[in-house]
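Beneath this line is the structure, given in structure tokens, with notes to follow.
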Amino acid sequence: QVQLVESGGGSVQAGGSLRLSCALSRNTWRMGWFRRAPGKEREGVASILITGGITYYADSVKGRFTISQDNAKKTLYLQMNSLKLEDTGTYYCAAADLGSGAWNDDRRYPYWGQGTQVTVSS
């Protein structure tokens with residue numbers, strides 16, 4: 001089992017920045033960030049492998065968001081810059097002990113945090 005606790009959400013104006021953190025009870029092979037916008041299904045935002053050298057991003061956030069990890073602190077981060085209104089949603093961190101399957105397939109992640117709200121306003 002892995003426990004995950006997100007923090008860092010909040011309200012920000014468009015163009016601003018936020019950094020999300022996710023504290024894990026132990027490191028896992030694959031970690032990711034997902035989000036659910038109002039009225040939409042959950043979607044993958046970014047993913048990283050424990051080695052740190054391989055990352056994946058949704059096209060909608062490439063160049064604006066950066067996923068990173070600190071294995072010593074067992075913490076996952078998501079730096080979000082140039083935030084847009086459409087980035088509003090509940091953000092979840094997720095973890096998996098295996099790296100098989102598509103990075104943005106939420107069925108591949110058995111462990112989830114409770115979510116943190118990000119609201120971007122104009």
Side-chain angles (χ1 to χ4, degrees):
Q1 282 292 333
V2 182
Q3 284 74 50
L4 303 93
V5 180
E6 301 100 334
S7 61
S11 297
V12 64
Q13 287 192 321
S17 298
L18 282 174
R19 188 175 83 154
L20 305 182
S21 299
C22 175
L24 294 88
S25 58
R26 64 171 173 87
N27 289 319
T28 60
W29 180 250
R30 173 188 277 181
M31 293 160 281
W33 289 97
F34 288 74
R35 68 186 179 189
R36 188 191 301 274
K40 295 186 177 181
E41 295 196 357
R42 187 164 59 189
E43 64 173 350
V45 175
S47 179
I48 189 169
L49 299 185
I50 192 171
T51 57
I54 299 176
T55 58
Y56 303 90
Y57 294 94
D59 288 343
S60 59
V61 306
K62 280 181 182 176
R64 300 188 298 120
F65 290 11
T66 302
I67 189 172
S68 62
Q69 64 191 60
D70 185 328
N71 290 334
K73 294 182 178 179
K74 293 179 286 186
T75 302
L76 178 70
Y77 302 99
L78 185 68
Q79 177 66 43
M80 305 186 293
N81 298 329
S82 302
L83 282 160
K84 302 177 180 180
L85 298 179
E86 52 264 40
D87 294 319
T88 293
T90 303
Y91 283 69
Y92 301 88
C93 65
D97 288 317
L98 300 176
S100 60
W103 71 268
N104 55 352
D105 183 352
D106 59 4
R107 297 170 298 176
R108 298 293 181 174
Y109 296 81
Y111 310 115
W112 291 84
Q114 81 287 353
T116 186
Q117 180 66 33
V118 172
T119 302
V120 184
S121 60
S122 58

Handout entry: Contacts of Q1 that satisfy side chain to side chain contact (heavy atoms under 4.5 Å, CB included) - sequence neighbours left out
Key = Q3, Y111
Fill in the blank from the handout: side-chain contact (heavy atoms from CB on, under 4.5 Å) test vs Q69 passes for just one of T51, T55, I50, namely I50
Problem - Same apolar cluster (I L V M F W Y, side chains within < 4.5 Å links), V118/Y77 - result: no
Practice task
Identify, with sequence neighbours excluded, every residue that meets ring-ring contact (aromatic ring centres under 6.0 Å, His included) alongside F34.
Solution key: Y109, W112
Practice task
Please report the closest heavy-atom contact between T28 and V2, naming both atoms and the distance.
Solution key: CG2-CG2, 3.8 Å
Practice task
Not counting sequence neighbours, which residues clear side chain to side chain contact (heavy atoms under 4.5 Å, CB included) with K40? List them please.
Solution key: A37
Exercise for the section: If a pair satisfies salt bridge (Lys or Arg N to Asp or Glu O under 4.0 Å) and one of its residues is in residues 87-98, list it, with sequence neighbours excluded. Expected result: R26-D97, R35-D87, R64-D87
Practice task
Supply the atom-to-atom distance L4 CG to Q114 CD, rounded to the nearest 0.5 angstrom.
Solution key: 9.0 Å
Handout entry: Under 3.5 Å: donor-acceptor pair, side chain of S100, backbone of L98
Key = no
Handout entry: Shortest non-hydrogen separation from V45 to F65 and the atoms involved
Key = CG1-CD2, 3.6 Å
Problem - Whether E6 side chain and C93 backbone form a donor-acceptor pair below 3.5 Å - result: yes
Practice task
Please report the closest heavy-atom contact between A58 and G44, naming both atoms and the distance.
Solution key: CB-O, 3.4 Å
Exercise for the section: Output all residues satisfying side chain to side chain contact (heavy atoms under 4.5 Å, CB included) with N104, sequence neighbours left out; order by chain, then residue number. Expected result: A102
Fill in the blank from the handout: Residue pairs meeting salt bridge (Lys or Arg N to Asp or Glu O under 4.0 Å), one or both in residues 98-122, sequence neighbours left out, come to R42-D106, D105-R107, D105-R108
Handout entry: Side-chain heavy atoms of W33 within contact of L76, under 4.5 Å
Key = yes
Practice task
With rounding to the nearest 0.5 Å, note down the distance linking OG1 in T75 to CE in M31.
Solution key: 10.0 Å
Fill in the blank from the handout: Sequence neighbours excluded, the answer for side-chain hydrogen bond (donor to acceptor under 3.5 Å, both in side chains) partners of Q117 is T90, T119
In a table with atom names and distances, give each donor-acceptor pair under 3.5 Å that connects a side chain of residues 12-24 to protein atoms at least two apart or in another chain.
| residue | atom | partner | partner atom | Å |
| --- | --- | --- | --- | --- |
| S17 | OG | N81 | OD1 | 2.9 |

Handout entry: Minimum heavy-atom distance P38-G89, with the two atoms named
Key = CD-CA, 4.5 Å
Handout entry: Close side-chain approach of I48 to W103, heavy-atom, < 4.5 Å
Key = no
Problem - salt bridge (Lys or Arg N to Asp or Glu O under 4.0 Å) involving R30 - partner list, sequence neighbours excluded - result: none
Problem - Residue list, side-chain hydrogen bond (donor to acceptor under 3.5 Å, both in side chains) with S121, at least two apart or on another chain - result: none
